[in-house]
Amino acid sequence: MDTATIKAKGISVSLDLAVGHIAAMEVEADGRVLKPLHRAPWVGSPRETLPENLPEGTVRLSGDFLCAPFSASDVEAAPLHGWTANSEWDVVENAAIAGGWRAVFRLRRKVMGASVDKIFTLRDGHPFLYQEHIFSGGSGAISVAHHPMTAMRDGGRLAFSPKRLAVTPAAPLEPDPARGRFRLAYPARANDPTHFPVAAGGTTDLTDYRMEDRREDFITLVEADHDGPGWTALARRAERDLVLVLKNPAELPVTMLWFSNGGRDYAPWSGRHIGVLGIEDGRAAVGHAASLGDNWLKHEGVATAFALAEGRSVSFRHVIGAVPFADAEPPSGLESAPDRLRVLGAGGAAREVPFDGDFLRIDRPVLA
(Lines give C-alpha, C1' and ligand atoms only; values in the text may rest on other atoms or scores of the structure.)
Protein backbone atom coordinates (compact mmCIF):
# COMPACT_ATOMS: atom_id res chain seq x y z
CA MET A 1 0.00 0.00 0.00
CA ASP A 2 1.32 3.42 -0.97
CA THR A 3 1.02 5.58 2.15
CA ALA A 4 2.38 8.89 3.34
CA THR A 5 3.04 9.13 7.08
CA ILE A 6 3.56 12.37 8.97
CA LYS A 7 4.56 12.77 12.60
CA ALA A 8 4.85 15.34 15.35
CA LYS A 9 5.64 14.85 19.02
CA GLY A 10 3.05 12.40 20.37
CA ILE A 11 1.06 11.85 17.16
CA SER A 12 1.31 10.21 13.74
CA VAL A 13 -1.08 9.97 10.77
CA SER A 14 -0.83 7.87 7.59
CA LEU A 15 -2.76 8.55 4.38
CA ASP A 16 -3.56 5.82 1.86
CA LEU A 17 -2.66 7.69 -1.34
CA ALA A 18 -4.62 5.27 -3.54
CA VAL A 19 -7.97 6.53 -2.23
CA GLY A 20 -7.28 9.42 0.17
CA HIS A 21 -8.36 7.52 3.30
CA ILE A 22 -6.53 7.85 6.61
CA ALA A 23 -4.99 4.39 7.04
CA ALA A 24 -3.81 4.95 10.62
CA MET A 25 -3.78 7.55 13.38
CA GLU A 26 -1.95 7.11 16.67
CA VAL A 27 -1.85 9.43 19.67
CA GLU A 28 0.64 8.86 22.50
CA ALA A 29 -0.66 9.91 25.91
CA ASP A 30 -0.09 8.84 29.52
CA GLY A 31 2.11 5.97 28.41
CA ARG A 32 -0.56 4.64 26.06
CA VAL A 33 -1.08 4.63 22.29
CA LEU A 34 -4.62 5.63 21.34
CA LYS A 35 -6.03 4.59 17.96
CA PRO A 36 -9.23 6.58 17.45
CA LEU A 37 -9.94 5.59 13.83
CA HIS A 38 -11.35 2.38 12.37
CA ARG A 39 -10.22 0.23 9.47
CA ALA A 40 -12.59 -2.25 7.80
CA PRO A 41 -11.69 -5.89 8.53
CA TRP A 42 -11.45 -6.81 4.84
CA VAL A 43 -8.83 -4.15 3.97
CA GLY A 44 -5.76 -5.96 2.64
CA SER A 45 -7.70 -9.06 1.57
CA PRO A 46 -6.94 -10.35 -1.96
CA ARG A 47 -9.06 -8.33 -4.40
CA GLU A 48 -10.51 -11.50 -5.95
CA THR A 49 -12.11 -12.40 -2.61
CA LEU A 50 -14.23 -9.22 -2.66
CA PRO A 51 -17.25 -8.39 -4.86
CA GLU A 52 -16.19 -7.22 -8.33
CA ASN A 53 -18.38 -4.11 -8.32
CA LEU A 54 -17.13 -2.80 -4.97
CA PRO A 55 -15.88 0.82 -5.19
CA GLU A 56 -12.20 1.26 -4.29
CA GLY A 57 -13.25 3.45 -1.39
CA THR A 58 -15.11 0.49 0.11
CA VAL A 59 -12.32 -1.97 -0.74
CA ARG A 60 -9.90 0.23 1.28
CA LEU A 61 -12.42 1.65 3.79
CA SER A 62 -10.40 3.34 6.52
CA GLY A 63 -10.17 6.13 9.05
CA ASP A 64 -11.49 9.33 7.54
CA PHE A 65 -11.86 10.56 3.97
CA LEU A 66 -13.38 13.42 2.02
CA CYS A 67 -16.75 12.81 0.39
CA ALA A 68 -17.31 15.12 -2.60
CA PRO A 69 -20.15 14.64 -3.17
CA PHE A 70 -21.57 12.89 -0.12
CA SER A 71 -23.25 9.59 -1.05
CA ALA A 72 -24.47 9.17 -4.66
CA SER A 73 -22.49 10.80 -7.48
CA ASP A 74 -25.58 11.45 -9.59
CA VAL A 75 -24.57 14.79 -11.14
CA GLU A 76 -21.05 14.01 -12.34
CA ALA A 77 -20.20 10.33 -12.88
CA ALA A 78 -18.05 8.92 -10.05
CA PRO A 79 -18.17 6.12 -7.46
CA LEU A 80 -19.96 6.38 -4.11
CA HIS A 81 -18.75 9.49 -2.21
CA GLY A 82 -16.90 10.76 -5.29
CA TRP A 83 -13.38 10.53 -6.68
CA THR A 84 -12.02 12.17 -3.51
CA ALA A 85 -12.74 8.88 -1.69
CA ASN A 86 -11.93 6.47 -4.52
CA SER A 87 -8.91 7.65 -6.51
CA GLU A 88 -5.29 8.66 -6.21
CA TRP A 89 -3.75 11.62 -4.41
CA ASP A 90 -0.25 13.02 -4.86
CA VAL A 91 2.04 14.46 -2.20
CA VAL A 92 2.62 18.13 -3.07
CA GLU A 93 4.33 19.30 0.12
CA ASN A 94 5.61 17.36 3.14
CA ALA A 95 7.85 19.21 5.57
CA ALA A 96 8.45 20.29 9.15
CA ILE A 97 6.97 23.57 10.33
CA ALA A 98 7.61 25.46 13.55
CA GLY A 99 6.39 23.11 16.30
CA GLY A 100 5.02 20.40 14.05
CA TRP A 101 4.56 19.01 10.55
CA ARG A 102 2.47 19.92 7.51
CA ALA A 103 1.64 17.95 4.36
CA VAL A 104 -0.36 18.91 1.28
CA PHE A 105 -1.96 16.31 -0.99
CA ARG A 106 -3.66 16.93 -4.34
CA LEU A 107 -6.33 14.79 -5.99
CA ARG A 108 -5.22 13.68 -9.46
CA ARG A 109 -8.74 14.02 -10.81
CA LYS A 110 -10.90 17.13 -10.92
CA VAL A 111 -14.28 17.39 -9.16
CA MET A 112 -16.83 19.47 -11.07
CA GLY A 113 -13.80 20.98 -12.82
CA ALA A 114 -12.18 22.01 -9.53
CA SER A 115 -8.79 20.94 -8.23
CA VAL A 116 -8.87 19.59 -4.68
CA ASP A 117 -6.13 19.92 -2.05
CA LYS A 118 -6.03 18.11 1.30
CA ILE A 119 -3.86 19.70 4.02
CA PHE A 120 -2.79 17.84 7.16
CA THR A 121 -1.20 19.68 10.07
CA LEU A 122 0.18 18.09 13.24
CA ARG A 123 1.47 20.08 16.21
CA ASP A 124 3.89 18.86 18.85
CA GLY A 125 2.02 17.74 21.95
CA HIS A 126 -1.43 18.23 20.40
CA PRO A 127 -3.57 15.06 20.29
CA PHE A 128 -5.32 16.31 17.13
CA LEU A 129 -5.14 16.06 13.37
CA TYR A 130 -5.99 19.44 11.84
CA GLN A 131 -7.41 19.11 8.31
CA GLU A 132 -8.32 21.58 5.59
CA HIS A 133 -9.72 20.91 2.12
CA ILE A 134 -9.59 23.50 -0.65
CA PHE A 135 -11.55 23.45 -3.92
CA SER A 136 -10.07 25.77 -6.55
CA GLY A 137 -11.97 26.71 -9.69
CA GLY A 138 -14.65 24.50 -11.19
CA SER A 139 -18.31 25.22 -11.84
CA GLY A 140 -21.68 24.35 -10.38
CA ALA A 141 -21.77 23.27 -6.75
CA ILE A 142 -20.48 20.40 -4.65
CA SER A 143 -21.75 18.77 -1.47
CA VAL A 144 -19.03 17.69 0.95
CA ALA A 145 -18.54 15.71 4.16
CA HIS A 146 -15.81 14.22 6.27
CA HIS A 147 -16.26 10.52 7.03
CA PRO A 148 -14.33 9.66 10.22
CA MET A 149 -15.10 6.22 11.60
CA THR A 150 -14.27 4.85 15.03
CA ALA A 151 -14.88 1.40 16.46
CA MET A 152 -15.69 0.12 19.94
CA ARG A 153 -15.24 -3.30 21.52
CA ASP A 154 -17.86 -2.64 24.21
CA GLY A 155 -19.86 0.37 23.07
CA GLY A 156 -19.70 3.91 24.36
CA ARG A 157 -21.52 7.11 25.19
CA LEU A 158 -21.89 10.16 22.95
CA ALA A 159 -22.19 13.87 23.61
CA PHE A 160 -22.65 16.73 21.16
CA SER A 161 -22.57 20.46 20.80
CA PRO A 162 -26.16 21.81 20.77
CA LYS A 163 -28.33 20.27 18.02
CA ARG A 164 -31.81 21.47 17.09
CA LEU A 165 -33.05 18.52 15.09
CA ALA A 166 -32.38 14.82 14.42
CA VAL A 167 -33.86 13.32 11.23
CA THR A 168 -33.77 9.91 9.52
CA PRO A 169 -34.25 9.70 5.73
CA ALA A 170 -37.30 8.27 3.96
CA ALA A 171 -35.91 4.72 3.90
CA PRO A 172 -33.35 2.77 5.97
CA LEU A 173 -29.96 1.70 4.63
CA GLU A 174 -30.95 -1.98 4.78
CA PRO A 175 -34.71 -2.39 4.29
CA ASP A 176 -34.48 -6.04 3.10
CA PRO A 177 -34.39 -8.41 6.11
CA ALA A 178 -32.65 -10.99 3.93
CA ARG A 179 -29.67 -8.64 3.63
CA GLY A 180 -29.57 -6.69 6.88
CA ARG A 181 -31.44 -4.89 9.62
CA PHE A 182 -32.10 -1.51 11.19
CA ARG A 183 -33.49 -0.18 14.45
CA LEU A 184 -34.55 3.46 14.01
CA ALA A 185 -37.85 4.61 12.50
CA TYR A 186 -37.75 5.89 8.88
CA PRO A 187 -38.65 8.64 8.22
CA ALA A 188 -38.70 10.22 11.67
CA ARG A 189 -37.53 13.33 13.48
CA ALA A 190 -37.01 14.52 17.02
CA ASN A 191 -35.64 17.56 18.80
CA ASP A 192 -34.06 15.48 21.57
CA PRO A 193 -31.45 12.87 20.49
CA THR A 194 -32.01 10.96 23.73
CA HIS A 195 -35.60 10.19 22.69
CA PHE A 196 -35.64 9.17 19.03
CA PRO A 197 -38.39 6.94 17.54
CA VAL A 198 -37.56 3.31 16.76
CA ALA A 199 -39.21 1.10 14.16
CA ALA A 200 -40.68 -1.26 16.73
CA GLY A 201 -42.34 1.58 18.64
CA GLY A 202 -41.15 3.70 21.52
CA THR A 203 -37.89 5.64 21.54
CA THR A 204 -34.16 5.11 21.98
CA ASP A 205 -31.24 7.17 23.25
CA LEU A 206 -28.94 7.98 20.30
CA THR A 207 -26.16 8.90 22.72
CA ASP A 208 -25.88 5.29 23.99
CA TYR A 209 -24.04 2.98 21.56
CA ARG A 210 -24.95 -0.55 22.65
CA MET A 211 -23.23 -3.57 21.16
CA GLU A 212 -26.31 -5.78 21.41
CA ASP A 213 -28.15 -3.59 18.87
CA ARG A 214 -27.13 -5.27 15.61
CA ARG A 215 -28.13 -2.73 12.97
CA GLU A 216 -27.26 -0.29 10.19
CA ASP A 217 -28.75 3.11 10.87
CA PHE A 218 -28.22 6.60 9.49
CA ILE A 219 -29.38 9.88 10.96
CA THR A 220 -28.68 13.58 10.39
CA LEU A 221 -28.22 16.03 13.27
CA VAL A 222 -28.68 19.74 12.52
CA GLU A 223 -26.54 22.15 14.49
CA ALA A 224 -28.33 24.66 16.72
CA ASP A 225 -27.30 28.32 16.80
CA HIS A 226 -24.42 28.85 19.23
CA ASP A 227 -21.12 30.70 19.38
CA GLY A 228 -18.58 27.88 19.61
CA PRO A 229 -17.31 25.01 17.50
CA GLY A 230 -19.52 22.09 16.61
CA TRP A 231 -18.32 18.89 18.24
CA THR A 232 -18.96 15.23 18.88
CA ALA A 233 -17.35 13.38 21.79
CA LEU A 234 -17.43 9.59 22.13
CA ALA A 235 -16.37 7.96 25.39
CA ARG A 236 -15.33 4.42 24.37
CA ARG A 237 -15.76 2.03 27.29
CA ALA A 238 -13.26 -0.75 26.59
CA GLU A 239 -10.72 1.60 24.99
CA ARG A 240 -10.93 4.01 27.96
CA ASP A 241 -10.50 7.04 25.74
CA LEU A 242 -12.42 9.98 24.35
CA VAL A 243 -12.65 10.43 20.59
CA LEU A 244 -13.17 14.09 19.67
CA VAL A 245 -14.40 15.47 16.34
CA LEU A 246 -14.72 19.25 15.87
CA LYS A 247 -15.93 21.52 13.08
CA ASN A 248 -17.03 25.04 12.22
CA PRO A 249 -20.86 24.85 12.02
CA ALA A 250 -20.95 27.68 9.49
CA GLU A 251 -18.88 25.53 7.12
CA LEU A 252 -20.26 22.08 7.98
CA PRO A 253 -23.75 22.58 9.47
CA VAL A 254 -24.82 18.94 9.83
CA THR A 255 -23.42 15.87 11.57
CA MET A 256 -24.50 12.57 10.05
CA LEU A 257 -24.18 9.50 12.26
CA TRP A 258 -23.71 6.05 10.73
CA PHE A 259 -24.32 3.22 13.20
CA SER A 260 -22.73 0.13 11.63
CA ASN A 261 -22.93 -2.76 14.05
CA GLY A 262 -23.21 -6.08 12.24
CA GLY A 263 -26.30 -4.95 10.35
CA ARG A 264 -25.23 -6.07 6.86
CA ASP A 265 -25.08 -9.77 6.03
CA TYR A 266 -23.72 -9.61 2.46
CA ALA A 267 -20.06 -9.39 1.36
CA PRO A 268 -17.78 -7.80 2.24
CA TRP A 269 -19.65 -6.72 5.40
CA SER A 270 -20.83 -10.27 6.22
CA GLY A 271 -21.94 -9.38 9.74
CA ARG A 272 -18.33 -8.60 10.79
CA HIS A 273 -18.37 -4.79 10.60
CA ILE A 274 -19.08 -4.39 14.30
CA GLY A 275 -19.09 -1.54 16.82
CA VAL A 276 -18.45 1.13 14.19
CA LEU A 277 -19.70 4.70 14.33
CA GLY A 278 -19.28 7.17 11.49
CA ILE A 279 -19.26 10.82 12.66
CA GLU A 280 -19.74 12.56 9.33
CA ASP A 281 -19.70 16.35 9.50
CA GLY A 282 -20.89 17.84 6.24
CA ARG A 283 -22.55 20.40 4.05
CA ALA A 284 -24.79 17.95 2.25
CA ALA A 285 -28.03 16.13 1.78
CA VAL A 286 -27.88 12.45 0.81
CA GLY A 287 -26.67 12.46 -2.80
CA HIS A 288 -25.26 15.17 -5.05
CA ALA A 289 -28.49 15.86 -6.96
CA ALA A 290 -30.48 16.01 -3.73
CA SER A 291 -27.96 18.43 -2.26
CA LEU A 292 -28.35 20.78 -5.21
CA GLY A 293 -32.13 20.42 -5.38
CA ASP A 294 -35.04 21.28 -3.12
CA ASN A 295 -34.24 19.21 -0.03
CA TRP A 296 -35.58 19.20 3.54
CA LEU A 297 -32.41 20.75 4.96
CA LYS A 298 -32.82 23.85 2.78
CA HIS A 299 -36.33 24.20 4.19
CA GLU A 300 -34.67 24.28 7.62
CA GLY A 301 -32.33 27.05 6.44
CA VAL A 302 -29.31 24.73 6.17
CA ALA A 303 -26.83 24.97 3.28
CA THR A 304 -26.12 21.68 1.49
CA ALA A 305 -23.36 22.57 -1.01
CA PHE A 306 -20.53 24.96 -1.79
CA ALA A 307 -20.70 27.00 -5.01
CA LEU A 308 -17.73 26.57 -7.35
CA ALA A 309 -16.43 29.08 -9.91
CA GLU A 310 -13.30 29.77 -11.91
CA GLY A 311 -10.96 32.13 -10.11
CA ARG A 312 -12.54 31.26 -6.76
CA SER A 313 -11.54 28.92 -3.94
CA VAL A 314 -13.64 27.52 -1.13
CA SER A 315 -12.28 25.69 1.90
CA PHE A 316 -13.43 24.06 5.12
CA ARG A 317 -11.63 22.75 8.18
CA HIS A 318 -12.02 19.81 10.52
CA VAL A 319 -10.32 18.34 13.60
CA ILE A 320 -10.05 14.74 14.87
CA GLY A 321 -8.37 13.76 18.14
CA ALA A 322 -8.29 11.45 21.13
CA VAL A 323 -7.37 11.68 24.81
CA PRO A 324 -7.31 9.12 27.65
CA PHE A 325 -10.68 9.10 29.40
CA ALA A 326 -11.80 6.69 32.10
CA ASP A 327 -15.23 8.19 32.85
CA ALA A 328 -18.27 6.12 31.91
CA GLU A 329 -20.17 9.26 30.91
CA PRO A 330 -19.07 11.58 28.08
CA PRO A 331 -18.14 15.20 28.83
CA SER A 332 -20.86 17.75 29.53
CA GLY A 333 -19.19 20.25 27.23
CA LEU A 334 -16.10 21.44 25.39
CA GLU A 335 -14.71 24.96 25.62
CA SER A 336 -12.19 26.25 23.09
CA ALA A 337 -9.49 28.76 24.03
CA PRO A 338 -6.70 30.10 21.78
CA ASP A 339 -4.19 27.46 22.93
CA ARG A 340 -6.22 24.75 24.67
CA LEU A 341 -9.45 22.78 24.72
CA ARG A 342 -11.25 22.36 28.03
CA VAL A 343 -13.05 19.03 28.39
CA LEU A 344 -15.76 19.47 31.01
CA GLY A 345 -16.53 16.28 32.92
CA ALA A 346 -20.08 15.26 33.74
CA GLY A 347 -19.22 15.68 37.42
CA GLY A 348 -17.88 19.20 37.00
CA ALA A 349 -14.14 18.49 36.75
CA ALA A 350 -12.30 19.88 33.75
CA ARG A 351 -9.28 18.70 31.80
CA GLU A 352 -7.25 20.90 29.46
CA VAL A 353 -5.45 19.62 26.37
CA PRO A 354 -3.30 21.56 23.88
CA PHE A 355 -5.41 22.81 20.98
CA ASP A 356 -5.20 25.41 18.21
CA GLY A 357 -8.33 27.36 19.05
CA ASP A 358 -8.03 29.61 15.99
CA PHE A 359 -7.84 26.81 13.45
CA LEU A 360 -11.58 26.33 12.89
CA ARG A 361 -12.10 30.04 12.06
CA ILE A 362 -15.18 30.41 14.25
CA ASP A 363 -17.01 33.72 13.67
CA ARG A 364 -15.21 34.39 10.37
CA PRO A 365 -17.19 34.79 7.12
CA VAL A 366 -17.68 31.61 5.07
CA LEU A 367 -17.71 31.59 1.28
CA ALA A 368 -20.89 29.75 0.31
Side-chain angles (χ1 to χ4, degrees), residues 64-71 75 81-82 84 102 104 107 111-121 128-148 160-165 220-232 244-256 279-288 290-320 334-338 341 355-368:
D64 176 37
F65 51 89
L66 172 63
C67 306
F70 179 77
S71 190
V75 173
H81 294 316
T84 52
R102 180 178 182 270
V104 181
L107 185 68
V111 175
M112 299 295 288
S115 63
V116 185
D117 285 355
K118 179 192 301 285
I119 304 173
F120 283 3
T121 303
F128 298 104
L129 166 63
Y130 301 95
Q131 289 191 71
E132 180 174 14
H133 285 96
I134 304 173
F135 287 72
S136 301
S139 62
I142 188 69
S143 64
V144 300
H146 277 267
H147 203 291
F160 312 101
S161 54
K163 311 298 183 197
R164 62 182 170 95
L165 193 59
T220 298
L221 308 182
V222 179
E223 201 77 14
D225 292 332
H226 60 87
D227 296 331
W231 56 269
T232 301
L244 298 167
V245 180
L246 299 99
K247 65 176 183 176
N248 182 340
E251 296 174 352
L252 304 173
V254 299
T255 297
M256 297 168 282
I279 303 169
E280 304 164 15
D281 293 325
R283 189 185 189 93
V286 179
H288 197 177
S291 297
L292 304 187
D294 183 27
N295 60 68
W296 70 269
L297 281 163
K298 287 183 180 178
H299 290 204
E300 296 287 344
V302 178
T304 53
F306 283 110
L308 304 173
E310 288 303 320
R312 181 178 190 259
S313 293
V314 295
S315 71
F316 51 95
R317 294 180 174 184
H318 196 250
V319 180
I320 302 170
L334 300 181
E335 294 179 351
S336 176
L341 185 71
F355 180 69
D356 182 354
D358 294 326
F359 178 77
L360 288 173
R361 305 182 293 200
I362 304 298
D363 295 329
R364 297 188 207 172
V366 174
L367 280 176

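Within the model, atoms OG1 of Thr220 and CH2 of Trp296 stand 5.0 Å from one another, a figure rounded to the nearest 0.5 Å. Distance OG/Ser143 to CG/Leu292: 7.0 Å, rounded to 0.5 Å. Atom CG of Asp356 sits about 10.5 Å away from atom CZ of Phe128, to the nearest 0.5 Å. Annotation: the span from Gln131 atom CD to Leu129 atom CG amounts to 4.5 Å, rounded to 0.5 Å. Atom CG in Leu246 sits 6.0 Å away from atom CG in Leu334 (nearest 0.5 Å). The distance from atom CZ of Phe355 to atom CG of Leu341, rounded to the nearest 0.5 Å, is 5.5 Å.
The side-chain contact (heavy atoms from CB on, under 4.5 Å) check on Ala290 picks up Ala285, with sequence neighbours excluded. By the ring-ring contact (aromatic ring centres under 6.0 Å, His included) test, Phe306 is found to be paired with Phe316, residues two or more places apart in sequence or in another chain being considered. Remark: Phe160 engages no residue in a ring-ring contact (aromatic ring centres under 6.0 Å, His included) (not counting sequence neighbours). Judged as a side chain to side chain donor-acceptor pair (under 3.5 Å), and not counting sequence neighbours, the contacts of Asn295 are Thr304. Glu300 pairs by the side chain to side chain donor-acceptor pair (under 3.5 Å) definition with Arg164, Arg189, not counting sequence neighbours. Every side-chain contact (heavy atoms from CB on, under 4.5 Å) that Val286 has, sequence neighbours left out, goes to Phe70, Ser71, Phe218. Residues meeting the side chain to side chain donor-acceptor pair (under 3.5 Å) test with Thr84, sequence neighbours left out: none. When the side chain to side chain donor-acceptor pair (under 3.5 Å) test is applied to Ser336, no partner is found at least two apart in sequence or on another chain. With sequence neighbours excluded, the residues satisfying side-chain contact (heavy atoms from CB on, under 4.5 Å) with Ala303 are Arg283. Glu280 is linked by a salt bridge (charged side-chain N to carboxylate O under 4.0 Å, His left out) to nothing, counting only residues two or more places apart in sequence or in another chain. Every residue was checked against the salt bridge (charged side-chain N to carboxylate O under 4.0 Å, His left out) condition with Lys118, not counting sequence neighbours, and none meets it.
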- Determine, stepwise, if the pair Arg102 / Val104 fulfils side-chain contact (heavy atoms from CB on, under 4.5 Å). CA-CA 7 Å; Arg102 180 178 182 270; Val104 181; 3.5 Å; yes
- Task: Give the intermediate values and the outcome of side-chain contact (heavy atoms from CB on, under 4.5 Å) for residues Met256 and Leu221.
- Result: CA-CA 6 Å; Met256 297 168 282; Leu221 308 182; over 6 Å; no
- Message: I'd like to know whether Ser315 forms a side-chain contact (heavy atoms from CB on, under 4.5 Å) with Arg361, so could you lay out the CA-CA distance, the side-chain angles of the two residues, the decisive distance to 0.1 Å, and finally the verdict.
- Response: CA-CA 11 Å; Ser315 71; Arg361 305 182 293 200; 3.1 Å; yes
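Side-chain atoms of Ser313 do not come within 3.5 Å of backbone N or O of Ser136 as any donor-acceptor pair. Judged by distance alone, the side chain of Asp117 and the main-chain N or O of Ile134 form no donor-acceptor pair under 3.5 Å.
A side-chain donor-acceptor contact under 3.5 Å links Asp64 and His146. Side-chain atoms of Lys247 and Thr232 form no donor-acceptor pair, as typed in the model, at a separation below 3.5 Å. Under 3.5 Å, the side chains of Asp281 and His318 contain a donor-acceptor pair of N or O atoms. Under 3.5 Å, the side chains of Glu223 and Thr255 contain no donor-acceptor pair of N or O atoms.
Heavy atoms only, all atoms of each residue included: Gly140 and Met112 are closest at CA-CE, 4.4 Å. Residue Pro229 comes nearest to Ile362 through the heavy atom pair CA-CD1, 3.8 Å, listed as atom of the first residue, atom of the second, then distance. Annotation for Pro253 and Glu251: closest pair CD-O, 3.5 Å, computed over non-hydrogen atoms.
Each salt bridge (Lys or Arg N to Asp or Glu O under 4.0 Å) pair with one or both residues in residues 308-317, not counting sequence neighbours, appears once here: Glu132-Arg317.
Checked options Val116, Val314, Leu308; the residue passing with Ile142 is Leu308 (criterion: side-chain contact (heavy atoms from CB on, under 4.5 Å)).
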